[in-house]
Structures are given as C-alpha cells and as structure tokens.
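First up is the structure itself, then whatever we jot down about it.
Throughout, protein chains are lettered first and strands after them, A, B, ... in sequence-line order, and every chain is numbered starting at 1. Keep in mind it's a predicted model, so treat the numbers as computed, not measured.
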Protein chains: 2
Amino acid sequence: MCERAHTLATGLGGVNSVVYSDGVTTSGAPRRSTVKDIAAAAGVSRGTVNRVLNGGYVSPEARAAIQAAIAEVGYVPNTAARNLKRRRSEAVGFLALEPHTVLLEDPNIGAIMLGANAVLSLAGYQMVSLVIDSDRDTERVARYLSGGFVDGAIIVSARAYDPITTLIGQIGLPAVFVGHPPDLTNAIPFVGIDNVGSARAITQRLMATDRRRIGMIAPALNRDSGVDRLTGFREALGDRFDPALVAEVPHYDYAGGVAGMRTLLDREPALDGVFAASDAVAAGAMQVLREAGRDVPGDVGVVGFDDSSWADRTQPPLSTVHQPAREIGRRAAELVHRQILGDEDVPGSVLLPSPVVWRHSA
Amino acid sequence: MCERAHTLATGLGGVNSVVYSDGVTTSGAPRRSTVKDIAAAAGVSRGTVNRVLNGGYVSPEARAAIQAAIAEVGYVPNTAARNLKRRRSEAVGFLALEPHTVLLEDPNIGAIMLGANAVLSLAGYQMVSLVIDSDRDTERVARYLSGGFVDGAIIVSARAYDPITTLIGQIGLPAVFVGHPPDLTNAIPFVGIDNVGSARAITQRLMATDRRRIGMIAPALNRDSGVDRLTGFREALGDRFDPALVAEVPHYDYAGGVAGMRTLLDREPALDGVFAASDAVAAGAMQVLREAGRDVPGDVGVVGFDDSSWADRTQPPLSTVHQPAREIGRRAAELVHRQILGDEDVPGSVLLPSPVVWRHSA
DNA sequence: TTGTAAGCGTTATCAT
DNA sequence: ATGATAACGCTTACAA
C-alpha cells in the first residue's frame, strides 16, 4: 500500500481534478506522561523530579533513575501548566501589519524577522509570527497576545489607532514598534531609520544629476514612513516642489509603482527623475518606463528606498537608500527582551543609519 | 518631552551612529483580573461567570452584571489555564524548513501561509509561524510543538530524516506536509502537486519549440520536489537527455539561477533551451543570459516553475508551471483541522492541478 | 438557574 | 537531599 499517489496525476489536466490517495488513520495520541509519572517510575517524589528538570540539589542515584525514566517514556513538559505557574511563556510575538502584497513581496520584512529571531533564539525565546489578514484575525490575535501566549511583541508597520496597537498599550505587554512609530507617543519604544533625512538625501543626490522635472511615487501616506519620505522629498526640492508631480498610491508594492508611474507620465511627459518610495515600487515604475520606451537612467533617473533584493535585480540596478533590516530586527528583539527582563530604562527609540547607495538607475 | 528623535539623524552619516531618545519606563503590568474577580465584582459564583463566557443557562440580570464587570476591568481569559484544562490550544504551527534566501524571496511560501491562515482563522484557530534558522531553533521549536502550544502543524518543505519531521511523527501531533513529502511514508498526509508530470510537460512544450540543446538548472536535489522535477525533465528528453546539461545548484533561489546558468553556458555555449526548476532560479538565469548577450527567447528559450510573482516581472515574462500556492495552503489547513477534530480518515495525500502557463520567455 | 469543589500538570514553599 | 502540599486560573461535573 501507500503507492506514491502523485505518479497518477499529469499536472497538465487543466480541470479541477484532485487526487486523493488512500486514507490515513489518525492514531489517537497516547496520553503524555507527566512529572508524576516520572516520579512514580523513578520511585521518587515530584519535587525531586522537578529539581533535576529545573536545577537543584539531587543525589546522583536519584538523578540517574529520573533521567532514565525521562528518556524511557520521552517525557516533555506541559507548557500550559508551566506557563500557568511561572506566569510567562518564553515566547515573543512578531506581527507585520501590512497588506498581502507587501507581505509577500517585501524582502525587508523577512529580513527583520530573521534578525529578530536570531537574538530571541539566543536568549531562549521562541518567536512566533502571527499574520493579520482580516478583522477576524485582528480580534483573535488580540486575544492571543493578551492571553499569555507571549511575553512580548514586535510590531512591524504599526499605524496609530490600529486596534492591535492600542490594545498592546492597554494591557501593558512589553513591545516595540519597528519602522513606523504610531503618531501617538505612548510608552512603547520603536526602532527604525530617519525616513525624512534619507528621503531628503537621496532626492538631493538625484537633483545633483541635473534633473529638471522630478516626481515622486508616494505610497502608504497613512503611515509615518510614507509621509516622512514625502516630507523629505519636499524639503529637498524646496521651491521647485510641484504637488502635481507626486502620485499617491496605496501600498509599497510593485503594482503601486506601475500605477504611480503611469500617473506621473500622464501628468508630465517631460519628467526626467523619479523618487519611488520603495524598491518594489521603483521596480514597477521602471517596468512602465521601459514599456513607454524611456531609457533609465538616460531619459529618466529613478531612485528607490530600502535596498532590498529588488534593488540588485532591476535593470539597471537601483540607486536607493540602504535600510539595515536585519539589524533593525535585532535591535527590536533586544528592546523587547530588556523590557521583559524588567529593565527600567530602555531607550524610547533607536535610529539606525540608512546611507544612500548609488548604483546605475540614476 | 518626547520630541521626535529622528529629526536628529541625517540618515547619511555612514558611521555607526545610533541615536537613543529619552528612556521609556516599563510600567510593571498590573495584575490581570481573573474569573474569580469578575465573580466577586458581579456578586455571583465563578461557575456563573464561566457560563456567560462559554455558553450556558444564566439569568438576564446575572448576565448583565457579569458583562458589566467584564467590560469594567477589561477581563481577558488566561489561556495558559484554559489550555491546561481543555487540553488544547486552538493554535496550529506553520513551519517552513527552507534556507534564508528561499524564505525571503519565494513568494509561494507567503501565499501558502496566507491560504492556510484563511481557513484556520475561519475555524477559530490561531496560526503561528515559527522560523527555523539554526540548530538551536530546531530544538526549541521541537519543544514548542510537543509542549502543547499547538494542536497541529503544517510543515512546508520537509525533508526525510529531518529532526522536526521525525519528532512530529513520534509525538503523534496532527500534521500535514506541504509540497515535498518525506521519503519515508508515515502516517502524515501531504498536499502538493505532481512535480514529475509538470516538469515533463513543460519540458515537452519547450522541446516543441524546436530547441536542439536543452539544459536544466536543478536546485534542491535533497528534496523530493527537486529530484521529481529532474526526473520529469529526464523523462521528457528521453534519448536526448545529456547529464552534462544539468547544473545542480543548492537552493531554489536567484543566486542558484545565476550560478547554474553560468555553468551551463560554460559547458555548452550552443545551448538554446533551459528549464529552471523555479521562477526565482529562472530570473537569475535570464540575468546571466542578458549579460552574456543572449536574447530570450530568440537565442535561448527559458522556462521556470511556480508561477510566482517573479514570472510576471522577468523580461520577457516567464513561461512556467502554475503552482496553486494559496489553494495548497488552504487544503493543508483543512487537513490538519480535520485531524485535530478527530476525523478518522483524512486522505493520505491531496494533489492539486498544476497546469503549464505559456508566456514569452520560450 | 446557580453554587461548590475537584482537578488539569507544573512549580515553589515548606518541613523533614 | 527529599517529600508533602499549596497554589496558578480555568473548566466541568454534580449538587442545590
């Protein structure tokens, strides 16, 4: 039995054919053994078992017997009971409050996650990431966070007045915001970069290449990062700033770049420079420019933001602002960890350097 | 106080300057209120409180008083206690056993996640994704899974003999594998596609465009999907199969495509067709071809696998095999859910259709 | 309809 | 060095 079922399907049949192989019987899991069981098996009390589990004085003989028993039955502690007693879970939640598309195509989020996980892991914490993709999710995640499943949380792309954001404040869960601090200044620290300064810097650099008509594709104006990047752009342009040359788009994604670039080209065919507020957006913009027969950087210079893996893969490679995503994740993790440990004075914010990296798209 | 600290940094300073703003004092969280508290506040017993929480007969007056009390103090149940009693967590774990790069740049994983989350969410389950990025992680996640934090697990890209894979089997946790079933056929179902058939089909299609020398970039030969795709390729080519024209690379990633394409071009400059076993790989390969001055599809036809967002964004758009990632996620979630519910005969495997989609790269 | 009490599996505080 | 025993906060019979 149990032939590999997938040799049966062709993969070509466009129809909705679904192949089921033979059933699998879910064997009712045998009851897990408890400290009590181990104690009985080793002929000692639960207290002693606990002492070998969590440190304490215990005689060599007893210890040996207990360890044997543990190995024998493959004992693994029940964390619900343990958490209940210890009043902590040794887990930290990670949530990215981003729309689908961004979540799927923004490599930065993954990098932040990996960075955060690295330091939490070292500290013995389990990082669990929760996706929020509907109101139902929001509610459930809120319960999850306040229910004691985690000792702290890292929240990426929080917006002010977001239900989760406010909840965290209310229940006093150790937390840190990444990237986009909410407008309301509350007791929750954040780590990020200087979006205004970086946007200003890269726009200035673009201006220095002698562009006459510079536009911006401005996504996510409902987030601090979005408005900050726009602010920096405006500051750099000064008198030359023309509101008609900023195309607002909803998200930091490829589709936003495509839409924004079309708008811009429409409004100002003589455009010769574009600041796209993320690399994914820039990639979309470059695609439109290519289709419109515009050469980059010959006819129009394009700069992005993030220095994510997109930047290396556009043609030509993108000039952009480097965002130290991995490090941001690490810092965020450190900050929650310190709060969990009860550190009284963790910094209210950490800003990391985000230098301009100049490649060939402008 | 609390000026926005980030107006201070320039974002340009290449040095390791880090700006800390004023500290934040972690307010010791006030004790959470319990069912007992609510009962006291409402002047009823805990049993009654529980009845309004979890359904049951309760008089209108009592109910009103209790609900008022709950709202008053913002009661939220302690899940550790609840799990301990109920012996379930209403959460399921999601793990992707992939290397960094793949995790970060493979949009399919995100899509699977979203699909799975959608159905789990509807069923009232919290999906938590766990990243495994080191041996330390493996061990901790193993404890997490066996400790009762989750009622089930979805495992993407499992390999046979992987510690997690075997653990899951041992502890009898309801689980399902996605994409790449382990070689050992055990009691854990999987959902995926027919890799052999699909690889064969797209290779045949490529052959039909009159290519003479067709090579393959073959990543992840330590996974079923990797060897299956290679098998399909070989089957399609039949007598014309030339082992010198398959370039093995470690991972399903862009870098793999770059490396593999270089190898292939090196070994056979007259190459005029390439099957890259994932879209990310194909994107890397096309980049190398472009740099080598080869036109796609003029000089060499390229096909990929996955139909991820990469496929739309290569230049020209990629001919590839459509993988219904979202649906795969949904099915996987259904399968764990059914197991958790105690369904005795869930299918041992589910294979979804994966049609070839023909665009312009071949 | 409501209250009481036992118990989930740990950990921690006592005596011993 | 070890053994009882009392919580942790919730659910759930069962009794009232």
Inset, instruction - Scan A:N117, A:V128, A:I340 and name whichever one has a side chain to side chain contact (heavy atoms under 4.5 Å, CB included) with A:V92. - result: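 Going through the options one by one, the only one that passes is A:I340.
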How long is the line joining [atom1] of [X] and [atom2] of [N], in whole Å?
| X | N | atom1 | atom2 | result |
| --- | --- | --- | --- | --- |
| A:L84 | D:dT11 | CG | C1' | 13 Å |
| A:N78 | D:dC10 | CG | C1' | 14 Å |
| B:D37 | D:dC8 | CG | C1' | 13 Å |
| B:K36 | D:dC8 | NZ | P | 7 Å |

Legend entry - Which atom of A:V150 lies closest to which atom of A:L173, heavy atoms considered: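 The pair with the smallest heavy-atom distance is O-CD1, 3.8 Å.
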Legend entry - Nearest heavy-atom neighbours spanning A:V131 and A:V141: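 Answer, listing the atom of A:V131 first, then A:V141: O-CG2, 4.3 Å.
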So with a 6.0 Å cut-off around [atom1] of [X], is the heavy-atom count from everything else above 12?
| X | atom1 | answer |
| --- | --- | --- |
| B:N54 | CG | yes |
| B:E72 | CD | no |
| B:E139 | CD | no |

Legend entry - Atom pair CG (B:D151) and CZ (B:R86), whose distance is rounded to the nearest 0.5 Å: 11.0 Å
Inset, instruction - Quick one: pull up CD in B:Q339 and CG in B:D345 and give me the separation to the nearest 0.5 Å. - result: 11.0 Å
Within less than 4.0 Å of OP1 or OP2 of [N], is there a side-chain N or O belonging to [X]?
| X | N | value |
| --- | --- | --- |
| B:R86 | D:dT11 | yes |
| B:R82 | D:dG9 | no |
| B:Y75 | D:dG9 | no |

Legend entry - Between the first and last five pairs of the helix from C:dT1-D:dA16 to C:dT16-D:dA1, the angle of the axes, rounded to 10 degrees: 40°
Can you give the donor-acceptor pairs under 3.5 Å from side chains of residues 39-50 of chain A to other protein atoms, not counting sequence neighbours?
{"from": "A:S45", "atom 1": "OG", "to": "A:G47", "atom 2": "N", "distance (Å)": "3.3"}
{"from": "A:S45", "atom 1": "OG", "to": "A:T48", "atom 2": "N", "distance (Å)": "3.4"}
{"from": "A:S45", "atom 1": "OG", "to": "A:T48", "atom 2": "OG1", "distance (Å)": "3.4"}

Inset, instruction - Report yes if a donor N or O on one partner sits less than 3.5 Å from an acceptor N or O on the other, where the partners are the side chain of A:K85 and the base of D:dA7; otherwise report no. - result: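 Pair found.
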Legend entry - Contact residues, residues 38-71 of chain B to DNA chain D [heavy atom, < 4.0 Å]: B:R46, B:N50, B:N54
